[in-house]
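Notes follow the structure.
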There are 2 protein chains.
Amino acid sequence: MIKKEKIPKVTIHRMAVYLQVLEDLDREGEDVISSSKLAELCGVNPSQIRKDLAYFGEFGVRGVGYFIKDLIGSIKHFLGLDHVWNCAIVGIGNLGRAILRHKGLPYKGFRIVGAFDCDPFKIGEKVGELEIICTRRLKEKAKELKIEIAIITTPPERAQRAANHIVEAGIKAIVNFAPARISVPEDVIVDYVDFSTHLIYLSFNLARTKGKNI
Amino acid sequence: MIKKEKIPKVTIHRMAVYLQVLEDLDREGEDVISSSKLAELCGVNPSQIRKDLAYFGEFGVRGVGYFIKDLIGSIKHFLGLDHVWNCAIVGIGNLGRAILRHKGLPYKGFRIVGAFDCDPFKIGEKVGELEIICTRRLKEKAKELKIEIAIITTPPERAQRAANHIVEAGIKAIVNFAPARISVPEDVIVDYVDFSTHLIYLSFNLARTKGKNI
DNA sequence: ATTTTCTTGTGAATTTTTTCTCAAATAAAC
DNA sequence: GTTTATTTGAGAAAAAATTCACAAGAAAAT
Ligand SMILES: NC(=O)c1ccc[n+]([C@@H]2O[C@H](COP(=O)([O-])OP(=O)(O)OC[C@H]3O[C@@H](n4cnc5c(N)ncnc54)[C@H](O)[C@@H]3O)[C@@H](O)[C@H]2O)c1
Ligand SMILES: NC(=O)c1ccc[n+]([C@@H]2O[C@H](COP(=O)([O-])OP(=O)(O)OC[C@H]3O[C@@H](n4cnc5c(N)ncnc54)[C@H](O)[C@@H]3O)[C@@H](O)[C@H]2O)c1
């Protein structure tokens, strides 16, 4: 289905945006959409959307556009979202708890099945449905709970240690919220979510426009 | 100082990574670093770093490298981080509270000075030092507190409404955590933080490698 | 039936970004 | 003091991503 060609990371990120907008349209009862209309809603160029989709196949009808329900199904399929992924959170502090309590994730295809922390005072505590488990038991629990994705929400200086546990548990995908680079074997994918990076982007732009006005 | 040339967004994002790594090095007591060493730590190409820095000026010494403290100072300066930005959070739920309680932000140059929500049961409640204020009072409070950046952490279907309040309050920069596109006037910068996009990136890669192994 | 109007999918052109290469600058070694 | 080691900064080259342009397919209008 997917061409052998390397698909740019930005394409995957845009795909997630298209999906979000398409699901909104579907909820509003829309049936069909053209690339130019979708492009406007997503803030991109229409051929960008067509090129992005072309990495995965042909989904439109010439002269008509895209059938929204079908396109949602196709995108979900090639992004691997026609499957529920089991996730674990490592580091149950402010952010870890917020993610655990977040209602939106299961709907998007991600289920949090394990909550891990190294603080003995937290172990055994319940957060929602889940009981906080000692990080040392990650390996054993990863098998049992079939954990496929790990989310790191420890302090930055503990991120590498958390990553080591995760790798040892045989988990091959990590989202790291801690502002620290981690090193893992080649076959483990890491994606960084750095909140301050986004604030810095705004800071840079504000500082620049301020400068201009002087 | 900054050349008139358009600076790519990815450059700013990488800049934030360089800064993070440089601050770690500084804390470890390092004085000087070469672009190739820094590149290795950041997982990029050395000339990438030199090109990125060249957008802003000349900071290195040939045959030597970069003086870490000086480079941190320069990067902070041109990213606008030699100033503390006043921020407001709009939507004090799970995520809003996590950000409010997060200790790392002030150190990075961002201070949360206002917490806003529209839920009458939450208004007046204290979260840390701050009292939750009604979103309707955002305009008045934005002036008083000199709010420069707004962080949206409302449910997605409320993001546009929150954005309208923010724009009306004269705030020119928004980080939107809600998975919904918002429309704002041209002079307002919006940056989206979409957590599920990162999970989707992992999903795509896992689905692909799984497929390969079969 | 034929023409007109849309809109996709894709090769070509363009633009942007990344990487390569090397002269110039600096420090250390001899 | 001269040679050798490094390492930056920047122009050139290469690679990648985006946008353009249009043939081809589909529906609506005449
Ligand atoms: N809270 C936010 O809004 C926010 C925003 C952006 C980034 N972050 C980052 O996310 C991370 C977590 O932030 P937080 O505010 O939740 O911090 P926190 O201190 O509240 O929570 C950290 C948790 O990690 C646990 N922990 C420490 N070492 C561990 C280990 N080796 N294994 C498992 N658990 C471990 C601690 O016991 C604690 O419960 C930090 O790196 C922070 O910089 C947080
Ligand atoms: N919790 C997470 O870990 C997480 C992760 C990723 C994305 N998000 C996104 O962040 C947003 C917040 O998530 P949450 O879990 O904190 O939700 P939540 O429901 O706990 O909190 C939302 C808050 O926004 C307030 N609100 C609603 N409309 C408002 C308005 N017009 N003005 C001001 N406040 C308003 C509500 O009263 C509530 O307090 C959601 O869009 C969610 O999809 C959350």
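Note on naming: letters A, B, ... go to the chains in the order of the sequence lines (proteins, then strands), and numbering restarts at 1 for each one.
Formation of a donor-acceptor pair under 3.5 Å by the B:T154 side chain with backbone atoms of B:G91 is not found in this model.
Ranking C:dT18, D:dA17, C:dT8 by closeness to the B:V10 side chain, first place goes to C:dT18.
Across all strands shown, D:dA15 is found opposite C:dT16 as a Watson-Crick or G-U wobble partner, with both distances under 3.5 Å.
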Grab the N/O contacts between the protein and nucleotides 11-14 of chain C below 3.5 Å, and write none if there aren't any.
from	atom 1	to	atom 2	distance (Å)
C:dG11	O6	A:K51	NZ	3.0
C:dA12	N6	A:K51	NZ	3.4

Restricting both atoms to N or O, compile the protein contacts to nucleotides 25-30 of chain C shorter than 3.5 Å, with distance only.
from	atom 1	to	atom 2	distance (Å)
C:dT26	O4'	B:R62	O	3.2

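Side chains of A:E168 and A:N164: no donor on one and acceptor on the other come within 3.5 Å.
Side-chain atoms of A:L95 and B:H102, non-hydrogen and from C-beta on, never get closer than 4.5 Å to each other. B:V10 is listed as a side-chain neighbour of B:R14, based on a closest heavy-atom distance under 4.5 Å. Using a 4.5 Å heavy-atom cutoff, the side chains of A:K69 and A:D26 are in contact.
Taking atom CD of A:E58 as the reference point, atom C1' of C:dT10 lies 9 Å away to the nearest angstrom. Between the C1' atom of C:dT10 and the CZ atom of A:F56 lies a distance of 17 Å, rounded to the nearest Å. Distance A:L53 CG to C:dT10 P: 11 Å, rounded to the nearest Å. Across the protein-nucleic acid pair, B:D31 atom CG and D:dT7 atom P stand 15 Å apart, rounded to whole Å. In this structure, A:F67 atom CZ and C:dC6 atom C1' are separated by 13 Å, rounded to whole Å. Distance OH (A:Y55) to C1' (C:dG9): 14 Å, rounded to an integer number of Å. Taking atom NZ of residue B:K9 and atom P of nucleotide D:dT18, one finds them 13 Å apart after rounding to whole Å. Between A:L71 atom CG and C:dT8 atom P there is a gap of 11 Å when expressed in whole angstrom units.
Salt-bridge annotation for A:K141 and A:E144: present, with a side-chain N of the basic residue lying under 4.0 Å from a carboxylate O of the acidic one. Looking at A:E23 and A:K76, a side-chain N of the basic residue comes within less than 4.0 Å of a carboxylate O on the acidic one, giving a salt bridge. A salt bridge does not link A:R158 with A:D117: none of the charged nitrogens is closer than 4.0 Å to a carboxylate oxygen.
Taking side-chain N and O atoms only, A:R50 has no distance below 4.0 Å to OP1 or OP2 of C:dG9. Side-chain nitrogen and oxygen atoms of B:Y66 include at least one within less than 4.0 Å of the OP1 or OP2 phosphate oxygen of D:dG9. OP1 or OP2 of D:dT19 has at least one side-chain nitrogen or oxygen of A:Q48 nearer than 4.0 Å.
Looking at A:L105, A:N94, A:I92 one by one, the single match for side chain to side chain contact (heavy atoms under 4.5 Å, CB included) with A:I99 turns out to be A:L105.
Less than 4.0 Å separates DNA chain D from at least one heavy atom of each of the following residues of residues 36-47 of chain A: A:N45, A:S47.
In this structure, the ring of A:F177 has its center less than 6.0 angstrom from the ring center of B:F195. Aromatic ring centroids of B:F78 and B:F59 lie under 6.0 Å apart.
Atom CH2 of A:W85 is separated from atom CD1 of A:I149 by 6.0 Å, given to the nearest 0.5 angstrom.
Taking 90° from 0 as the syn/anti boundary, the base of D:dA5 is oriented syn.
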